[in-house]
Structure formats: structure tokens, C-alpha cells
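Okay, structure first, notes after.
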Amino acid sequence: MWFNLIAVVVLGVAVAGVVMLAFRVFGRKPPRWILPLMAGAAMMTYTLYNDYSWFSRTAGALPSTVRVAQTYEQTHPLQPWTYLVAPVNRFVAVGNVVPAPGETGYRLAEVHLLQRYVPTATAAMVFDCAGGRRADLVDLDGFDASGQPIGGEWRELADGDPLRAVVCGPGGTPSA
């Protein structure tokens with residue numbers, strides 16, 4: 001966040017300097033309003049670009065094995081333009097989906113929670129694709145000899161749940 005603030009201020013000063021230099025090269029004196037206007041326009045343009053391109057830049061930098069499951073948009077009263085088109089400021093991505101031990105039909109996956117200005121959180125989860133539920137791997141007491149999870153707090157997932165769709169594939173069946 002501090003980097004963005006510094007970048008915006010430096011950009012504003014740089015644009016004002018370039019405009020002032022251009023006027024000097026042409027031997028004219030700039031109007032008093034042109035430098036603040038050009039600096040402000042450059043600062044606003046950079047801020048909008050940075051806000052609205054964060055998701056595509058961040059998701060594009062993820063490995064090809066990681067898939068975006070769900071995005072979240074946010075509006076803010078200090079940024080009234082976000083009520084017209086809200087930028088994506090956080091998303092959930094799923095990676096390393098593998099079958100659980102045994103022939104149980106369970107799937108193990110790493111779920112990454114990415115949010116702007118917040119460190120990424122990663123949780124390993126086990127998904128019961130047929131039963132439509134999931135549990136955090138750290139809550140489990142392991143797996144029994146047949147591969148069934150022991151203990152844990154299971155959470156029900158709706159048919160249209162984005163995590164379930166990515167991990168289990170269409171219709172709640174494990175993807176190949």
C-alpha cells in the first residue's frame with residue numbers, strides 16, 4: 001500500500017516536470033492550472049489502472065496448475081466510481097488437486113485466499129465430492145486404513161459452490 005502511495009506521488013511530480021519541460025522547450029510559460037491538472041490526471045489514471053488490473057495481474061502470475069474458483073468485488077464510499085464498476089479485490093484459487101489415499105473418491109486440494117494488501121492464506125482441504133462437503137485437513141485426525149478421513153468438522157457445500165465445482169468438476173464428480 002505504501003508503495004502505491006509513493007508511486008502515485010512520484011508519478012504526479014514526474015508528469016508535472018515533463019509538462020513544465022515541454023512548455024520550456026517551446027518557449028512558452030505554462031498556465032497556472034495546467035501542471036496540477038496534468039499531475040492529478042496522471043495520478044488518477046494510475047490509481048484506476050492499478051485498482052482495476054490487480055486481479056488480472058495477480059491471477060495471471062499464478063502457476064498454470066492453480067485455478068481461480070471465486071472472485072469478490074468491493075465498493076467503497078471514498079471511491080464513488082466503484083459503485084459503477086466494482087473492482088475485484090480478493091479471490092479464491094485452488095491448486096494441487098489430488099485424490100485422497102485409498103479408493104474413497106475424496107479429493108485433497110490447496111485453497112489459496114488472495115486479497116489486496118493482505119498476505120496470502122493457504123489451507124489444505126479434503127473434499128467429499130459425492131457427499132458435497134469439505135473439511136480442513138488440519139482439523140482431521142488423519143485417515144484410516146481404507147482412506148476414510150477420521151474426525152474433522154465437515155461443512156456442507158451447495159451444488160453450485162465454486163470450490164466444489166473446481167475441485168470435483170461438473171456435477172460433483174471427481175474430475176479426471
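Computed from a prediction, not measured in an experiment: that's the story for all the values here.
- Placement of V92 and L157 within a single hydrophobic cluster is found when ILVMFWY residues are connected by side-chain heavy-atom separations under 4.5 Å, directly or transitively.
- Salt bridge annotation for D159-R164: present, with a cationic side-chain nitrogen under 4.0 angstrom from a carboxylate oxygen.
- We find the CG-CD distance between D128 and E156 to be 8.5 Å, quoted to the nearest 0.5 Å.
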Take D136 and R155 through the test salt bridge (Lys or Arg N to Asp or Glu O under 4.0 Å) and record every step on the way to the result.
CA-CA 9 Å; D136 292 338; R155 293 177 179 88; 3.8 Å; yes

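- To the nearest 0.5 angstrom, R134 atom CZ is 6.5 Å from L163 atom CG.
- From R133, atom CZ reaches atom CG of D161 across 14.5 Å, with rounding to the nearest 0.5 Å.
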Run R116 and D51 through salt bridge (Lys or Arg N to Asp or Glu O under 4.0 Å) and show every step you take.
CA-CA 9 Å; R116 196 155 183 214; D51 284 351; 2.6 Å; yes

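- Within the model, atoms CZ of R107 and CZ of F127 stand 10.5 Å from one another, a figure rounded to the nearest 0.5 Å.
- Residues in residues 67-92 take part in these ring pair (Phe, Tyr, Trp, His ring centres under 6.0 Å) pairs, two or more places apart or across chains: W54-F91, F55-F91.
- Residue S53 comes nearest to S56 through the heavy atom pair O-OG, 3.1 Å, listed as atom of the first residue, atom of the second, then distance.
- Judged by distance alone, the side chains of N89 and Y117 never bring a donor and an acceptor atom under 3.5 Å apart.
- Here the CD atom belonging to Q74 is positioned 8.0 Å from the CZ atom belonging to R90, to the nearest 0.5 angstrom.
- The number of heavy atoms from other shown groups lying within 6.0 Å of CZ (R28) does not exceed 12.
- A59 approaches V68 most closely through the heavy-atom pair CB-CG2, 4.1 Å.
- The two residues A41 and T45 make their nearest non-hydrogen contact at O-OG1, 2.7 Å.
- L114 and V111 are assigned to two separate hydrophobic clusters, defined by single-linkage of ILVMFWY side chains at heavy-atom distances under 4.5 Å.
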Could you pull out all donor-acceptor pairs under 3.5 Å where a side-chain atom in residues 10-20 meets a protein atom, sequence neighbours excluded?
none

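- Scanning both residues, V126 and L137, for their nearest heavy atoms gives CB-CD1, 4.4 Å.
- With values rounded to the nearest 0.5 angstrom, N4 atom CG is found 8.0 Å from T47 atom OG1.
- Minimum heavy-atom separation, T82 to Y52: CA-OH, 3.8 Å.
- Note on M43: it clusters hydrophobically with L35, by side-chain heavy-atom contacts below 4.5 Å among ILVMFWY residues.
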Could you walk me through whether T120 and H112 pass side-chain hydrogen bond (donor to acceptor under 3.5 Å, both in side chains), step by step?
CA-CA 7 Å; T120 301; H112 307 280; over 6 Å; no

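- Clustering ILVMFWY residues whenever any of their side-chain heavy atoms sit less than 4.5 angstrom apart, transitively, puts V8 in a cluster other than the one holding I6.
- Closest of all the heavy-atom pairs between V94 and A69 is CG2-CB, 4.1 Å.
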